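Following: one structure in structure tokens, then a few remarks.
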Amino acid sequence: MAETADIAQRLATEPWPGDADAAQPAPVRQDWTRAQVRVLFDLPFPELIYRAQTVHRQNFDAAAVQISTLLSIKTGGCPEDCAYCPQSARYDTGVRAEKLMSRDAVLDEARAAQAAGASRFCMGAAWREPKDRDLDAVCSMVEGVKALGLETCATLGMLSATQARRLKDSGLDYYNHNLDTAPEFYGEIITTRTYQDRLATLGHVRAAGIHVCCGGIVGMGETREGRVGMIATLASLPAHPESVPINMLVRVAGTPLADVQKLEPLEFVRTVAAARITMPRSVVRLSAGREDMSAETQALCFLAGANSIFYGPKLLTTPNPGPDRDRELMERLGLRSMQSN
Ligand code: SAM
Ligand code: DTB
Ligand code: SF4
């Protein structure tokens with residue numbers, strides 16, 4: 001009880017916008033402090049979920065879920081050392097390095113994703129950054145996918161300002177580039193590019209007029225403070241990302257994080273709720289990690305304000321729930337596909 005009183009006191013002293021007043025939509029603000037985000041994480045679970053659901057309903061249809069499909073257009077052999085990633089050439093994970101897919105093969109996959117109900121098609125490449133010749137090929141794929149009537153998204157690593165503008169001119173709607181974790185934990189996960197490099201790419205994407213898809217991974221052995229720091233950093237970017245993927249680490253054998261301790265599912269739900277509350281108008285994606293998540297945990301994530309998923313049996317290289325399992329989940333929860341915004 002002493003703890004509850006402490007939280008009540010902290011809530012009273014830390015200003016909390018909107019304060020779960022359903023009649024008064026929470027304002028969008030970029031000045032979230034770590035202390036405020038920490039208070040959210042520390043709330044009693046029902047209080048946190050109530051607040052997240054209130055903010056969610058102020059901004060979205062609570063039964064609508066945005067459906068994206070991922071395709072790895074260039075798999076494996078990546079020079080970077082991201083400790084979570086099965087595609088790094090430095091780790092023996094059994095992922096074979098492949099060449100960039102052909103435009104025709106990518107368009108076939110995009111048509112199949114569209115037929116299965118996806119509204120956005122996300123093309124991922126295991127690059128540190130695209131070479132200009134590769135970018136020509138990706139721009140041509142983006143044009144083709146866009147022409148099918150799908151929203152387009154790509155995640156290709158670091159971009160220059162010029163590359164971002166070229167992608168925009170080809171019809172790219174979203175660019176995914178994650179901060180991955182809190183700035184103070186980042187160096188334990190990646191040494192081959194800096195946090196600042198990531199922020200610079202996000203700046204180029206934003207300046208080019210492409211929607212930003214930016215989130216991170218939890219369950220990498222970070223503390224709760226690490227999760228607080230990640231959400232606080234995302235929520236204090238100059239503009240909130242339009243799309244915020246929250247990934248649960250997929251522990252892949254051969255990577256340095258293969259044996260890291262599993263994160264408690266309710267802590268993942270808390271992270272989703274904190275993203276929803278701090279970035280009220282952003283679409284929050286319950287991203288990697290669903291393969292090993294119960295229907296109940298996923299239901300709690302939707303209740304906490306997640307409103308997007310990756311649909312299809314594979315993420316980039318690891319399994320995702322198959323279409324049957326996801327259709328059943330959506331039906332059981334009474335969720336439906338969000339129309340493109
Ligand atoms: N190479 C590009 C890059 O790193 O920006 C694009 C592809 S990379 C695979 C995209 C994102 O996938 C990473 O930033 C990371 O957040 C996520 N990711 C990669 N491996 C993961 C894993 N094992 N579990 C959860 N998320 C992962
Ligand atoms: C994101 O945040 N998660 C997706 C997407 N952006 C590109 C990737 C998840 C990858 C999981 C590991 C794999 O399948 O290789
Ligand atoms: Fe390469 Fe991206 Fe994987 Fe890092 S996350 S190793 S940059 S593919």
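Order of appearance sets the numbers: ligands from 1, and atoms from 1 within every ligand. These numbers were taken from a predicted model, which means no experiment stands behind them.
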message = Applying a heavy-atom cut-off of 4.0 Å, say which part of I217 lies close to ligand 1: side chain, backbone, both or neither.
response = side chain
query = From C78, does some N, O or S atom reach closer than 2.8 Å to atom 4 (Fe) of ligand 3?
reply = no
ask   = Is a side-chain donor-acceptor pair under 3.5 Å present for Y84 with N247?
value = no
ask   = Heavy-atom contacts under 4.0 Å between E80 and ligand 1: side chain, backbone, both, or neither?
value = neither
message = Taking 4.0 angstrom as the limit and counting only heavy atoms of N178, give me the atoms of ligand 2 inside it, by number and element.
response = 1 (C), 2 (O)
task = Scan side-chain atoms only and decide if R327 and Y311 contain a donor-acceptor pair under the 3.5 Å cut-off.
result = yes
query = Do protein heavy atoms approach atom 12 (O) of ligand 1 to less than 4.0 Å?
reply = no
query = Should D180 and R198 count as an ion pair when the cut-off is N to O under 4.0 Å?
reply = yes
key: Under-4.0 Å protein heavy-atom contact, atom 16 (O) of ligand 1   = yes
ask   = Is it true that the NZ or CZ of R270 lies under 6.0 Å from the centre of F45's six-membered ring and within 45 degrees of the ring axis?
value = no
task = Return the option from Y84, W127, Y91 holding the heavy atom at the smallest distance from atom 5 (S) of ligand 3.
result = Y84
note = Short version for T255: what comes under 4.0 Å of ligand 1, heavy atoms counted, is neither
query = Are Y84 and ligand 2 in contact, using a heavy-atom cut-off of under 4.0 Å?
reply = no
ask   = Taking the minimum heavy-atom distance to atom 25 (C) of ligand 1, which of V218, T155, L315, V250 ranks first?
value = V250
request  = With heavy atoms under 4.0 Å as the rule, classify the contact between M220 and ligand 1 as side chain, backbone, both or neither.
outcome  = neither
ask   = So is Q87 polar-close to ligand 1, meaning N/O to N/O under 3.5 Å?
value = no
ask   = What residue and heavy atom of the protein are closest to atom 8 (S) of ligand 3, and at what distance?
value = A126 CA, 3.6 Å
query = For ligand 1, which atoms have a heavy atom of W127 less than 4.0 angstrom away?
reply = 1 (N), 2 (C)
ask   = Under 4.0 angstrom from ligand 1, any heavy atom of A125?
value = yes
query = Any heavy atom of G157 sitting closer than 4.0 Å to ligand 1?
reply = yes
note = So for T318 against ligand 1, with non-hydrogen atoms under 4.0 Å, the contacting part is neither
note = The closest protein heavy-atom partner of atom 4 (Fe) of ligand 3 is C82 SG, 2.2 Å
request  = Using a strict cut-off of 4.0 Å, indicate which atoms of ligand 3 neighbour a heavy atom of R193.
outcome  = 7 (S)
message = Any atom of ligand 1 sitting under 4.0 Å from a heavy atom of K74?
response = no
ask   = Strictly under 4.0 Å, does any heavy atom of V250 approach an atom of ligand 2?
value = no
message = Tell me whether ligand 2 is touched by P86 - counting only heavy atoms on the residue side and a distance under 4.0 Å.
response = yes
query = What do we get for E129 next to ligand 3 when only non-hydrogen atoms under 4.0 Å count, side chain, backbone, both or neither?
reply = neither
ask   = Taking the inter-plane angle between the rings of Y186 and Y195 on a 0 to 90° scale, is it parallel (under 30°), tilted (30 to 60°) or perpendicular (over 60°)?
value = perpendicular
query = Got a salt bridge between E109 and K314, using NZ or NE/NH1/NH2 to carboxylate O under 4.0 Å?
reply = no
query = Does the protein put a heavy atom less than 4.0 Å from atom 2 (Fe) of ligand 3?
reply = no
remark   = One finds that the ligand 1 atoms under 4.0 Å from a non-hydrogen atom of A288 are 25 (C)
task = Return yes when atom CZ of R325 has more than 12 non-hydrogen atoms of other residues, nucleotides or ligands closer than 6.0 Å, and no otherwise.
result = yes
ask   = What are the atoms of ligand 2, with element, lying closer than 4.0 Å to any heavy atom of S287?
value = 1 (C), 2 (O), 3 (N)
